[in-house]
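Take a look at the structure set out below.
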Amino acid sequence: MPRSEARVVTDRPHRYAKQLASHLSRRSETHWDEETGEGRLIFQNGTGSLTAVDGALLLAVETEAEHLDLLEDVVGRHLVRFGTKDELVVEWRRDTGEPGTTQRRPEDPE
C-alpha cells in the first residue's frame, strides 16, 4: 500500500501529537500513548501513525494511491492549524521518492 511520511520540526511534538489524535478521534479511531510517544490513526480509507521524537513529530499515512493526497491533507492541515503560532510546516514525501503535498499556514493578507 502506498505510504507517505513527514517530519515536522517542533519543540512540542508530544503536545501536538496528543492534540491531533484527540481531534481526529471525532471522525476516526485514534490511539495516543503518552509513555511511548506513539499514536495510531485509523481512517475509513487508510491508516496513519504519529511518533514524537526529540525536536520533531514524525507522521505517516498509508492508503490506496487515489487517497494519499486526501490523508496527507487531513493530517497536515489539522496539525498546521493547531501549530499556527509555531508556524508548523508539513512536507510529505512518498515512498516512491516523489514529493507529496505540503501544508503550511496561509500567508497573511497585506
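Values in this document were obtained by computation on a predicted structure and should not be read as measured data.
- Residue pairs meeting the salt bridge (Lys or Arg N to Asp or Glu O under 4.0 Å) criterion with at least one partner in residues 21-40, sequence neighbours excluded, are absent.
- Once rounded to the nearest 0.5 Å, the distance linking CG of Asn45 with NE2 of His67 reads 5.0 Å.
- Taking CG of Leu68 as the start and CD of Glu62 as the end, the distance is 9.5 Å to the nearest 0.5 Å.
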Check the pair Leu79, Gln103 against side chain to side chain contact (heavy atoms under 4.5 Å, CB included), reporting the backbone distance first and the verdict last. CA-CA 9 Å; Leu79 181 60; Gln103 293 80 36; over 6 Å; no
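- Minimum heavy-atom separation, Ala21 to Leu41: CA-CD2, 4.4 Å.
- Every salt bridge (Lys or Arg N to Asp or Glu O under 4.0 Å) that Glu87 has, sequence neighbours left out, goes to Arg105.
- The shortest non-hydrogen separation linking Ala65 to Pro2 is N-CG, 3.7 Å.
- Using cut-offs of 30° and 60° on the angle between ring planes, the pair Phe82 and His23 is perpendicular.
- Within 6.0 Å of CD on Glu66 lie more than 12 heavy atoms contributed by other residues, nucleotides or ligands.
- Atom OG of Ser4 is separated from atom CD of Glu98 by 10.5 Å, given to the nearest 0.5 angstrom.
- In this structure, Arg7 does not pair ionically with Glu5, as no charged nitrogen and carboxylate oxygen lie closer than 4.0 Å.
- Results of the side-chain contact (heavy atoms from CB on, under 4.5 Å) test with Trp92 over Val61, Thr102, Leu71 single out Val61 as the only residue that passes.
- Leu70 and Val75 end up in the same hydrophobic cluster when Ile, Leu, Val, Met, Phe, Trp and Tyr side chains are linked at under 4.5 Å.
- Taking all atoms of both residues into account, the shortest heavy-atom contact from Tyr16 to Gly83 is OH-CA, 3.5 Å.
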What do the steps show when you test Leu50 against Leu20 for side chain to side chain contact (heavy atoms under 4.5 Å, CB included), and what is the final call? CA-CA 9 Å; Leu50 312 167; Leu20 185 59; 3.7 Å; yes
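- A distance-only check finds no donor-acceptor pair linking the side chain of Ser22 to the backbone of Gln19 [under 3.5 Å].
- A distance-only check finds no donor-acceptor pair linking the side chain of Ser28 to the backbone of Phe43 [under 3.5 Å].
- By the 4.5 Å heavy-atom criterion applied to side chains, Val8 and Leu59 are counted as neighbours.
- Sorted by first and then second residue, the salt bridge (Lys or Arg N to Asp or Glu O under 4.0 Å) pairs with a member in residues 70-86 read Arg12-Asp86, Glu72-Arg94, Asp73-Arg77; sequence neighbours excluded.
- Screening Thr10, Leu57, Val9 for a side-chain contact (heavy atoms from CB on, under 4.5 Å) with Leu88, the sole residue that qualifies is Thr10.
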